[in-house]
Novice: 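Let me give you the structure first, and then I'll get to my questions.
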Amino acid sequence: MTGLSVEMLAADPEPITSAGHAQLGIAVLAGIAVIVLLITKFKLHAFLALTIGTLALGAIAGAPLDKAIESFSAGLGSTVAGVGVLIALGAILGKLLADSGGADQIVDTILAKAGGRSMPWAMVLIASVIGLPLFFEVGIVLLIPVVLMVAKRGNYSLMRIGIPALAGLSVMHGLIPPHPGPLVAIDTVKADLGVTLALGLLVAIPTVVIAGPMFSKYAARWVDVPAPEKMIPQRTSDDLEKRPGFGVTIATVLLPVVLMLAKALVDIVIDDPENTVQRVFDVIGSPLIALLAAVIVGIFTLGRAAGFTKDRISTTVEKSLGPIAGILLIVGAGGGFKQTLIDSGVGQMILDISEDWSIPALLLAWLIAVAIRLATGSATVATISAAGLVAPLAADMSTAHASLLVLAIGAGSLFFSHVNDAGFWLVKEYFGLDVGQTIKTWSVMETIISVVAGGVVLLLSLVI
């Protein structure tokens with residue numbers, strides 16, 4: 001949230017409603033129910049559903065409509081201001097990686113060194129690296145041809161190869177910034193991005209191992225299907241005369257991660273805001289500068305290395321921004337819904353409930369995210385909404401525990417993808433599965449990710 005928005009909201013001492021817990025609880029359930037109904041039954045775009053659901057929430061909570069609109073507008077604006085540019089920069093970097101053949105170079109290099117029993121581990125490694133800068137749907141489109149070709153040429157079970165790749169992408173999407181959900185949650189609960197990134201990677205490693213290579217053994221037994229021939233499209237780099245090298249591609253992809261982690265490490269070691277070294281790292285390790293640096297470097301190490309002209313690079317950048325318009329609107333509307341939740345007093349209600357019921361804050365955050373995920377089908381909507389509900393719980397938390405709160409929300413947001421999730425149908429169609437087979441593989445895998453990541457987060461909270 002921007003400083004301006006905080007000041008504006010802080011300047012208004014009166015909440016938009018003074019409804020009791022019962023009325024607020026009904027308002028929250030009704031607002032979420034409206035969103036779910038509009039998305040699932042009427043197939044309305046999530047941006048419109050969130051907007052209408054927010055107004056329903058405010059009205060049922062007893063808020064003056066003008067106040068509810070002000071809260072929604074303030075939340076939408078502050079959310080887009082906080083993470084919109086980061087999402088755009090991530091999209092540009094991902095598009096450069098895909099169009100230049102850099103993603104294919106990573107895939108081909110790792111696969112050339114892998115074989116036999118190591119292949120599922122190679123797939124999870126590929127997906128995790130590529131999944132860092134790419135949105136989930138883009139990652140699937142990039143990786144599916146590789147999964148299908150490896151399964152066919154190496155005579156592997158499709159699930160043995162596909163599940164590790166999907167697990168790597170999904171874990172990155174739910175837990176690791178600069179993906180939209182984690183970014184918004186970090187902004188909402190005022191967590192430290194570098195610490196969240198470091199802890200997120202720590203949580204991601206055992207999660208992706210269990211849900212990927214290990215679970216794929218069972219998934220391959222439950223669902224034994226061949227790779228569908230018709231779904232093997234031409235790869236991006238097949239039309240290129242040259243493409244960037246493996247080392248420089250990996251370095252470019254990991255540059256923003258390294259800069260943000262370096263900032264977090266320097267903050268821990270020095271812990272002096274006036275220190276020159278810390279101030280320098282606070283700048284270069286900020287998400288905006290780290291991603292901007294990666295994009296600028298990527299123009300040369302990816303675009304120019306693939307032989308792209310200035311016009312081709314400009315076109316690639318331009319094409320990367322169009323597809324994220326819908327994502328930005330959904331994220332922004334989710335921020336508006338979140339702010340309305342906060343201003344209506346729902347955050348305080350959650351605080352009171354957690355004290356009365358003695359539910360650990362991290363478990364409560366996970367459960368709320370699970371409920372919204374099951375209802376809406378969207379991991380991003382679940383993350384944004386749950387973050388708005390539990391944000392007050394982070395007020396007295398340490399830096400590490402605030403980051404763990406973000407990760408608990410992210411873990412819950414991945415629980416049991418089913419028929420109201422676009423990702424469910426994407427996986428079903430690409431892998432040539434029926435609904436039952438998709439549930440046995442993809443849906444179960446997502447649930448394993450959610451439960452394992454949530455468990456690791458709770459364990460970490462006991463030791464840090």
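Values below: every heavy atom of this structure, side chains too, minus hydrogens, waters and symmetry copies. The structure presented is a predicted model; accordingly, all values stated were derived computationally and were not measured.
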Novice: For the pair Leu362 and Leu393, evaluate side chain to side chain contact (heavy atoms under 4.5 Å, CB included) and give the outcome as yes or no after the intermediate values.
Specialist: CA-CA 9 Å; Leu362 298 180; Leu393 299 177; over 6 Å; no
Novice: Where do Ala127 and Gly168 come nearest, in terms of heavy atoms and distance?
Specialist: CB-CA, 4.0 Å
Novice: Has Ser461 got a side-chain atom pairing as donor or acceptor with Leu458's backbone, closer than 3.5 angstrom?
Specialist: yes
Novice: Would you say Val435 and Lys428 make side-chain contact, with heavy atoms under 4.5 Å?
Specialist: yes
Novice: Can you find a pair of side-chain heavy atoms, one from Leu197 and one from Pro177, that are under 4.5 Å apart?
Specialist: yes
Novice: Side chain of His418, backbone of Leu374: donor and acceptor closer than 3.5 Å?
Specialist: yes
Novice: Mind checking the CD1-CD spacing from Ile92 to Glu318? Nearest 0.5 Å is all I need.
Specialist: 11.0 Å
Novice: What's the shortest heavy-atom distance between Ala185 and Ala387, and which atoms?
Specialist: CA-CB, 4.0 Å
Novice: How long is the gap from CD1 on Ile464 to OG1 on Thr399, to the nearest 0.5 Å?
Specialist: 10.5 Å
Novice: So do the side chains of Ile250 and Val129 get within less than 4.5 Å of each other, counting heavy atoms only?
Specialist: yes
Novice: What are the two closest heavy atoms between Ile449 and Thr207, and how far apart are they?
Specialist: O-CG2, 3.6 Å
Novice: Are Val370 and Phe416 close enough that some pair of their side-chain heavy atoms sits under 4.5 Å apart?
Specialist: no
Novice: For Thr441, check side chain to side chain donor-acceptor pair (under 3.5 Å) against everything at least two apart and list the hits.
Specialist: none
Novice: Quick check: closest heavy atoms across Pro256 and Ala290, and the distance to 0.1 Å?
Specialist: CB-O, 3.8 Å
Novice: Decide yes or no on side chain to side chain contact (heavy atoms under 4.5 Å, CB included) for Leu24 and Ser344, but give the supporting numbers first.
Specialist: CA-CA 8 Å; Leu24 275 177; Ser344 64; 4.1 Å; yes
Novice: Any side-chain donor-acceptor pair under 3.5 Å between Thr340 and Thr54?
Specialist: no
Novice: Can you tell me how far apart CG (Leu96) and OG1 (Thr249) are? Round to the nearest 0.5 Å.
Specialist: 11.0 Å
Novice: Between the main-chain N or O of Val317 and the side-chain N or O of Ser320, is there a donor-acceptor pair closer than 3.5 Å?
Specialist: yes
Novice: Take atom CG in Asp66; do more than 12 heavy atoms of anything else shown fall under 6.0 Å from it?
Specialist: yes
Novice: Is any side-chain heavy atom of Leu459 less than 4.5 Å from a side-chain heavy atom of Val463?
Specialist: no
Novice: Counting C-beta onward and ignoring hydrogens, is there a side-chain heavy-atom pair between Thr188 and Val390 closer than 4.5 Å?
Specialist: no
Novice: Roughly how far apart are Phe415 CZ and Ser443 OG, rounded to 0.5 Å?
Specialist: 10.5 Å
Novice: Spell out, as yes or no, whether a donor-acceptor pair under 3.5 Å connects the side chain of Trp366 to the backbone of Ser450.
Specialist: yes
Novice: Quick one: side chain to side chain donor-acceptor pair (under 3.5 Å) partners of Ser216, sequence neighbours excluded?
Specialist: Arg160
Novice: Do the side chains of Thr383 and Val184 get nearer than 4.5 Å, heavy atoms only?
Specialist: no
Novice: Measuring from atom CD1 of Ile296 to atom OG1 of Thr252, what distance do you get when rounded to the nearest 0.5 angstrom?
Specialist: 12.5 Å
Novice: Under the side chain to side chain contact (heavy atoms under 4.5 Å, CB included) rule, what do Ile69 and Leu55 come out as? Steps first, then yes or no, please.
Specialist: CA-CA 7 Å; Ile69 293 171; Leu55 296 177; 3.9 Å; yes
Novice: Would you list the pairs meeting salt bridge (Lys or Arg N to Asp or Glu O under 4.0 Å) in which at least one residue belongs to residues 435-456, sequence neighbours left out?
Specialist: Arg373-Glu446
Novice: For a side chain to side chain contact (heavy atoms under 4.5 Å, CB included) check, start with the C-alpha distance between His173 and Thr380, then their side-chain angles and the critical distance, and finish with the verdict.
Specialist: CA-CA 9 Å; His173 171 71; Thr380 302; 4.1 Å; yes
Novice: Quick check: does any side chain N or O of Thr316 sit under 3.5 Å from a backbone N or O of Arg312, one acting as donor and the other as acceptor?
Specialist: yes
Novice: Could you measure the distance from the NE2 atom of His45 to the OG1 atom of Thr51? Nearest 0.5 Å is fine.
Specialist: 10.5 Å
Novice: If you compare all heavy atoms of Ser128 against all heavy atoms of Val208, which two are closest, and at what distance to 0.1 Å?
Specialist: OG-CG2, 4.3 Å
Novice: Can a donor-acceptor pair be found, under 3.5 Å and without considering hydrogens, that links the side chain of Ser78 to the backbone of Gly75?
Specialist: yes
Novice: Are the side chains of Phe42 and Leu48 in touch, meaning some heavy atoms are under 4.5 Å apart?
Specialist: no
Novice: Ignoring hydrogens, what is the shortest heavy-atom contact between Lys95 and Lys319? Give both atom names and the distance.
Specialist: CE-CB, 4.1 Å
Novice: Determine whether a donor-acceptor pair (N or O, by modelled atom type, separation under 3.5 Å) exists between the side chain of Ser286 and the backbone of Val283.
Specialist: yes
